[in-house]
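Just below is one structure, and these are the notes that go with it.
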Number of protein chains: 2
Amino acid sequence: MTTPSRLRADAARNRANILRAARTLIAAHGERAGMDDIAREAGVAVGTLYRHFPTKADLVDAIVSELAGLIFDALDAAVARVDSGDSAIKELTHLIGRMSEAAGHDRTVKAAMANLGVPVHPDLTERAMTGLARLVAAGHAEGTLHPDITPGDLVIVMSTMPDDELPEAARHRWLELAMRSLAAPDATPPAGDEPSRGPGPA
Amino acid sequence: MTTPSRLRADAARNRANILRAARTLIAAHGERAGMDDIAREAGVAVGTLYRHFPTKADLVDAIVSELAGLIFDALDAAVARVDSGDSAIKELTHLIGRMSEAAGHDRTVKAAMANLGVPVHPDLTERAMTGLARLVAAGHAEGTLHPDITPGDLVIVMSTMPDDELPEAARHRWLELAMRSLAAPDATPPAGDEPSRGPGPA
DNA sequence: ACCTGAACACCGTTCAAGT
DNA sequence: ACCTGAACACCGTTCAAGT
């Protein structure tokens with residue numbers, strides 16, 4: 001779990017090989033991937049696998065966290081671009097679209113997505129929520145995001161993203177529909193603000 | 001799989017007990033439910049379980065199909081009400097809302113949902129698509145459904161419905177967002193229940 | 001310290017024996 | 001015909017023995 005500060009050379013090599021093998025096999029077969037298969041693919045004995053990751057869940061978690069890190073990087077990059085003046089709704093569409101595309105090829109992405117909502121690592125979750133809040137604020141400021149949308153809503157959208165069980169065309173259409181539910185109502189300019197029943201930001 | 005036209009009295013009783021036990025345990029624990037546990041709960045030996053359902057997947061499939069049947073019934077009822085003059089968007093909201101609520105308590109519902117898109121039983125799928133097409137047509141006619149929405153879009157929405165991994169408040173908020181993506185641009189989506197702030201998972 | 005691989009435990013599945 | 005439950009196979013996990 002906690003990577004020791006210093007690792008024997010062969011141990012470090014083994015760990016890297018295990019992670020690489022796990023990335024490949026778990027992305028392809030999900031949790032169905034067998035520990036023996038992963039060990040063989042990594043060129044180590046099962047015992048070695050278990051020395052580095054005490055349980056299969058720990059190994060999966062490591063892969064998922066790794067991927068969550070990449071997602072956070074993408075999020076940070078989007079925030080940076082928005083700070084530089086790019087359109088928030090455009091960056092958000094791009095971000096969610098990239099994640100959805102990834103989720104179509106890698107079974108781990110959905111799990112990484114869920115980690116945003118159910119904090120396994122609270123610090124990472126806070127990092128994500130901070131980034132999402134920046135995007136939401138920018139979207140509200142430029143008037144392209146629906147006024148009642150919150151960072152939590154983005155988490156909901158991301159965690160209900162389709163995986164590879166839906167064909168690509170459907171995943172693409174999902175993105176359109178999802179963004180439609182996030183976007184500001186553009187048909188009528190937001191002058192009087194709708195009195196419907198939207199829980200306004202008070 | 002194919003239920004024999006006549007079944008010995010004890011066999012029929014066993015089958016019913018197995019289905020009831022499976023409903024309970026699979027709804028609660030998903031596919032993690034053990035075959036031995038289901039057999040014990042049903043009061044039969046494992047061999048008997050396997051005589052009725054050659055494989056665990058078959059048993060799960062039976063439960064899922066059963067539930068899909070209930071969903072289709074609900075769909076047909078909605079179509080009937082719309083034919084009687086009820087609002088299509090309102091019935092659609094109610095229908096998806098009920099399914100979402102069910103999915104929050106029963107891990108099988110999502111699987112049943114997926115059956116709509118990936119036809120396990122083509123005839124059932126066709127029945128569902130016919131019903132959905134009626135609702136879509138009615139929604140277009142009354143102008144409450146977004147003009148470009150198709151029955152396939154409803155399948156996408158239903159198969160990306162959140163399960164019990166999202167808390168109830170988030171599931172409720174999901175419904176609002178989903179209906180927003182389906183509604184006509186100028187229409188105010190009817191909310192059967194009071195809208196809740198959807199802050200997502202804490 | 002770390003690695004190895006045989007052995008154990010658990011659960012899906014089978015089958016010889018019963019009625 | 002249908003039921004029973006011990007036995008088998010598979011896979012996650014452990015551990016005594018090696019270096």
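Each chain gets a letter, A, B and so on, in the order its sequence line appears, and its residues count up from 1. Hydrogens, waters and symmetry mates are skipped; everything else that's a heavy atom, side chains included, is used.
For A:H52 and C:dC2, the shortest distance from a side-chain N or O to OP1 or OP2 is not below 4.0 Å. Within the structure, a side-chain polar atom (N or O) of B:T55 is placed less than 4.0 Å from OP1 or OP2 of C:dT13. For the pair B:N14 and D:dC2, the criterion of a side-chain N or O lying under 4.0 Å from OP1 or OP2 is not met.
With both pairing distances under 3.5 Å, C:dG18 is matched to D:dC2 as a Watson-Crick or G-U wobble pair. Pairing of D:dG12, defined by two Watson-Crick or G-U wobble distances under 3.5 Å, is identified with C:dC8.
Listed nucleotides: C:dA1, D:dG12, D:dC2. Nearest to the side chain of A:M35: D:dG12. Looking at the side chain of B:A11, the nearest of the listed nucleotides D:dG5, C:dT14, D:dC3 is D:dC3. The side chain of A:V46 sits closest to D:dT13 out of D:dT13, C:dT13, D:dC2.
Mapping B:R8 and B:K56 onto DNA chain C by nearest heavy atom places B:K56 at the nucleotide closer to the 5' end. Along DNA chain D, the nucleotide nearest A:E31 and the nucleotide nearest B:A12 are compared for position; the residue whose nucleotide lies closer to the 5' end is B:A12.
With hydrogens and angles ignored, the 3.5 Å screen pairs a side-chain donor or acceptor of A:S65 with a backbone N or O of A:D61. Side-chain N or O atoms of B:R171 include one that pairs as donor or acceptor with a backbone N or O of B:L166 at under 3.5 Å.
Within the 4.0 angstrom heavy-atom criterion, only backbone atoms of the sugar-phosphate kind lie near B:G34; the bases stay farther away. Across all strands, A:A39 comes closer than 4.0 Å to no nucleic acid atom at all (heavy-atom distances). At the heavy-atom level, B:V44 lies under 4.0 Å from the strands shown only through sugar-phosphate atoms.
Atom CZ in B:R15 sits about 16 Å away from atom C1' in D:dC3, given to the nearest Å. The CG atom of B:L49 sits 14 Å away from the P atom of D:dG5 (whole-angstrom rounding). Atoms CG (B:D10) and P (D:dT4) sit 9 Å apart, rounded to a whole Å. When rounded to the nearest whole Å, the span between OH of B:Y50 and P of D:dA7 equals 18 Å. Distance B:I38 CD1 to D:dG5 P: 18 Å, rounded to the nearest Å. The nearest whole Å value for the distance from the CZ atom in A:R51 to the P atom in D:dG18 is 17 Å. Separating the CG atom of B:D36 from the P atom of C:dT13 is a distance of 11 Å, rounded to the nearest angstrom. A straight line from CZ of B:F53 to C1' of C:dC11 spans 19 Å, rounded to a whole angstrom.
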Could you please spell out the steps behind the salt bridge (Lys or Arg N to Asp or Glu O under 4.0 Å) verdict for A:R98 and A:E101? CA-CA 5 Å; A:R98 272 186 58 192; A:E101 194 176 346; over 6 Å; no

After noting the C-alpha distance and the side-chain angles of B:D164 and B:K110, does the key distance pass the salt bridge (Lys or Arg N to Asp or Glu O under 4.0 Å) rule? CA-CA 10 Å; B:D164 60 356; B:K110 277 296 297 284; over 6 Å; no

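The pair A:R13-A:D10 does not meet the salt-bridge criterion, since no charged nitrogen lies less than 4.0 angstrom from a carboxylate oxygen. Taking 4.0 Å as the cut-off between side-chain N and carboxylate O, A:R127 and A:D73 count as a salt-bridged pair.
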